[in-house]
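Got a structure for you, written out below as structure tokens; questions coming shortly.
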Protein chains: 2
Amino acid sequence: MKIDPKSTADLSAQIAGAIRDAIMQGDLIVDERLPSEAELADQFAVSRPTVREALKRLAAQSLIRTQRGATGGAFVNRLSYPDAYAQQITTSTLLLSMNAISFETACEARYAMERACVPLAAQRRSRDHLATMRAEIHRQSQSGLTDEAFCASDVAFHRALVDGAGNPVLSYQLVGAVEAMQPLMNMITFTARSRDAIVALHVAIADAIDERDGVAASERLSALEAETLKLAHSVFVLRSAGQ
Amino acid sequence: MKIDPKSTADLSAQIAGAIRDAIMQGDLIVDERLPSEAELADQFAVSRPTVREALKRLAAQSLIRTQRGATGGAFVNRLSYPDAYAQQITTSTLLLSMNAISFETACEARYAMERACVPLAAQRRSRDHLATMRAEIHRQSQSGLTDEAFCASDVAFHRALVDGAGNPVLSYQLVGAVEAMQPLMNMITFTARSRDAIVALHVAIADAIDERDGVAASERLSALEAETLKLAHSVFVLRSAGQ
DNA sequence: AGACTTTTAAATGTCAGACAAATAAAAAGT
DNA sequence: ACTTTTTATTTGTCTGACATTTAAAAGTCT
């Protein structure tokens, strides 16, 4: 592992990049211990604080974990699903909130991806996933729910739908799309009537999945997309009129 | 912003978390300047190196950027698509390579998501995307291509297909799924015959997109998935027999 | 007065050395 | 043989310093 002295980038960024490359290329394998900070400082001919900054960069991406003590050090971390989920959600949420992405674009992407899960979910759905979906539907039906709670339950319903496909990679990819929409959804005021419409579609989707009817579920998901878009539009129209 | 003195986590991790939360909650807006390292050290009652480690963590996630000089400092960064792409690819690649995910699972997720793009791509495909797809097909058809180059072109073809949907959020989500498969694909030896089969399907897909026939494109994408799976199986069978 | 140069101040980047705290292995004691 | 103590190693944190970059302020010349 070498760093380029001609580069203008921070030394800590260069070192982090070198180690990251080594991990991604397989030169460093999972649970392998990196040299101690002092040794790394020697190898790269930098000070220990600089090495530490590099290691913190990698830790932020869950590429390494550190342990104190005699047999401690920095170890190549196995990127777990929860870690990957968290990163996915952070990145997706920020991408959406910082780039003036229209509700339509985000919504379209999300529902397109969800429809990709539906055929698999219809085929493989388990008792667990169906139970979760029904439970969330029940929660959503209760009156007196805040908009935030309604949205949170909506997210949980859709996550159960996605997880129903039984493909963890697909779940990982989708979690960002679903969760990142929540801040946008939270801007919407859900009237009792619009909640009823959404819940009815949720029921219809759950029923279709239950009956292993992927085509029907897909169509109803599209109807839900249309309903969501309609709702968002009416809110935005109201809001811009209010201004 | 406060940190919890009872927490066992590193101070730098706590500080990074506090600032991250402030950014994600909108308390700090894009391009806003954070206090200087010395001021942050005062506010959090820690030393400057600790603050710096926290800032490096955030920089690793592209949440902030730093600038030297009189008017320099740390600024809340607008997460750009390229940055988001890079993070998505890193995370997806590591997730796949470190978690013993079967080729089938990864392949299924990827093609399910690609099929989600196809109806939109068929509807909106531009001259540019079609040209890119055709160009990559041409490249793939050349003999004497290494397996790596063939795979790279395959990725480029699929990215063009995805981008054809004209939804940047969808592209962002898909880029991880497509790119993360490349290391797995690179393990495959592509015979001349298997290359021909893949290229033929690429042509068929491009044609269908060209004719705005989303259904046909989707079916052919499924055929490509089956072909890829078959190919991978034959390779793995050969390999395990060789051992 | 206006344009150019020099100085200065503020900020990050880097370094050196030190001590604290955690941890496991080795040594000592019972 | 078991428990306790010591010790060595490693990360976590702090202090203080200097280097480098950058823009604004001050100064200088035409």
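Convention: sequence-line order gives letters A, B, ...; per-chain numbering from 1.
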Look at the side chain of B:R48 and the base of D:dG16, then say whether one donor and one acceptor between them are separated by less than 3.5 Å.
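Absent.
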
B:T50 side-chain N/O to D:dC14 phosphate OP1/OP2 under 4.0 Å:
yes

NZ/NE/NH1/NH2 to OD/OE distance under 4.0 Å, A:E136 and A:R139
yes

What is the separation between atom CD on A:Q67 and atom P on C:dA25, rounded to the nearest whole Å?
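Value for this atom pair: 11 Å.
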
Would you mind telling me which residue lines up with the more 5' stretch of DNA chain C, B:S36 or B:P49, judged by nearest nucleotide?
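Comparing both residues, the 5'-ward one is B:S36.
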
Would you say B:R52 reaches C:dT12's phosphate, i.e. side-chain N/O to OP1/OP2 under 4.0 Å?
no

Taking NZ, NE, NH1 and NH2 as the nitrogens, is one of them in B:K56 or A:D10 under 4.0 Å from a carboxylate oxygen of the other?
yes

To the nearest Å, how far apart are A:D10 CG and D:dA19 C1'?
14 Å

Would you mind telling me which residue lines up with the more 5' stretch of DNA chain C, A:T71 or A:E53, judged by nearest nucleotide?
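The residue mapped nearer the 5' terminus is A:E53.
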
Which whole-number value in Å describes the distance from A:L34 CG to D:dT10 P?
13 Å

Can you measure B:F44 atom CZ to D:dC14 atom P for me and round it to whole angstrom units?
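B:F44 atom CZ is separated from D:dC14 atom P by 13 Å.
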
Measure the distance from CG on B:D42 to C1' on D:dT15 and round it to the nearest whole Å.
14 Å

So, B:R110 versus A:Q173: side-chain donor-acceptor pair below 3.5 Å or not?
no

If you assign A:A70 and A:K56 each to the DNA chain D nucleotide with the nearest heavy atom, which residue ends up on the more 5' nucleotide?
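Upstream on the strand: A:A70.
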
Applying a 4.0 Å non-hydrogen cut-off, can you work out what B:R65 is touching in the nucleic acid: base, sugar-phosphate, or nothing?
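Nothing, no nucleic acid heavy atom in range.
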
Rounding to a whole Å, what distance do you find between B:L11:CG and D:dT11:P?
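Those two atoms, CG and P, are 17 Å apart.
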
Can you find a side-chain donor-acceptor pair between A:D163 and A:S171 that sits under 3.5 Å?
yes

Using a strict 4.0 Å threshold on nitrogen-to-oxygen distance, state whether A:E108 and B:R124 make a salt bridge.
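Answer for the salt bridge query: yes.
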
Would you mind reading off the distance between B:R68 atom CZ and C:dT14 atom P, rounded to a whole angstrom?
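So the CZ-P distance, B:R68 to C:dT14, works out to 7 Å.
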
What is the distance, rounded to the nearest whole Å, between atom CG of B:L58 and atom C1' of C:dT12?
16 Å

